[in-house]
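No hydrogens, no waters, no symmetry mates; every other heavy atom, side chains included, goes into these values.
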Amino acid sequence: MDVASPNHSEIDSRISSKEDEFAFLSIFDIVFLIDDSGSMDGSRWREAQTTIKSLIPICVEHDADGVDLHYLHKKNRKDESAGWREMTDASEIDRLFSAVKPAGGTPTGKRLNDILDPYVKLYEMADKAKRKEIKPLLLVVITDGEANDDVDEVIINIADRLNEVDAPRHQVGIQFFQVGDDEKATEHLKHLDEGLKCSRDIVDTCSFDQRCLDTGERTLTGYGVLKTLLGSVQSKYDKERLPVKMTSTKGSTSRNAAS
């Protein structure tokens, strides 16, 4: 699907609009990756469910395509590589979450690569064809614990590949949100945000401590997620120009990952 890109002044006004503080959602494809490891069972799972459910209507208001949703473990039986694409109905979130029993470890690195590798391949193909019109991606990761695999290597590789094709700094953003107050998870997120030796900064994190300090909220909420995303967008992307024409990758990146 082709999406006409607004000009730079329009982007600035949509990001910082007083009338609609979440207008920035129309500029990006939003993809959620939900931790369904064993430690998420119970109140943390309900917290994640409530958060995502409250986000859907706001996202759909700004992008009729809705959002894509992936879990660390649970796969869509209709297309195991794809997750659940273009979700527009908040009531579907209850059905999906009730069908999942959190269990197992936390393979965050693998699942990040499953989502980001095909997206970057599409961008690399567009670059070779001299067509840099791929819609920027915001990948929102909701997790409660430290990954069991190598997240650093995946992020560094993605950053390097984006640099090699001179992609805009805003092309890919990864935002981690912590559910719960596990200290190891907090340290892990801090490392991803501040300790990676990346060729470009594509990671932001919001730990339990940060959330309490910034918003006073001890639990994750949809509004808190969007406010944090907005801050990330404003600080990183508002000085850059987006391409004249953009193509949404929803429904295409995951399919290509399987081929």
Sorted by chain and number, sequence neighbours left out, side chain to side chain donor-acceptor pair (under 3.5 Å) with Glu164 holds for none
Taking the side chain as every heavy atom from C-beta outward, state whether His191 and Leu196 have any atom pair closer than 4.5 Å.
-> yes
Within a strict 4.5 Å, meaning less than it, do heavy atoms of the Val141 and Leu112 side chains meet?
-> yes
Arg161 with Asp117: basic N within carboxylate O range, under 4.0 Å | yes
Looking at CG of Asp68 and CG of Asp65, how far apart are the two atoms once the value is rounded to the nearest 0.5 Å?
-> 8.5 Å
Does Asn163 use its side chain to pair, donor to acceptor, with the backbone of Ser199 at less than 3.5 Å?
-> yes
Look at the side-chain heavy atoms of Ile, Leu, Val, Met, Phe, Trp and Tyr, link any pair under 4.5 Å apart, and say whether Leu189 and Ile156 land in one connected group.
-> no
Does any non-hydrogen side-chain atom of Lys190 lie less than 4.5 Å from one of Thr205?
-> no
State plainly whether the residues Arg44 and Glu47 are in salt-bridge range, i.e. N to O under 4.0 Å.
-> no
Considering all heavy atoms, the nearest Trp84-Lys74 contact = CH2-CG, 3.5 Å
Measure the spacing between CD of Gln171 and CG of Asp166 and express it to the nearest 0.5 Å.
-> 11.0 Å
Looking only at heavy atoms, the pair that brings Asp149 and Lys110 closest together is OD2-N, 2.9 Å
Pairwise side-chain contact, Val172 with Pro136, heavy-atom cut-off 4.5 Å (strictly under) | no
Main-chain N/O of Thr106 paired with His73 side-chain donor or acceptor, under 3.5 Å = no
Angle class for the Trp45/Phe97 ring planes (parallel below 30°, perpendicular above 60°, tilted otherwise)?
-> tilted
Nearest heavy-atom neighbours spanning Tyr119 and Lys135 = OH-O, 2.6 Å
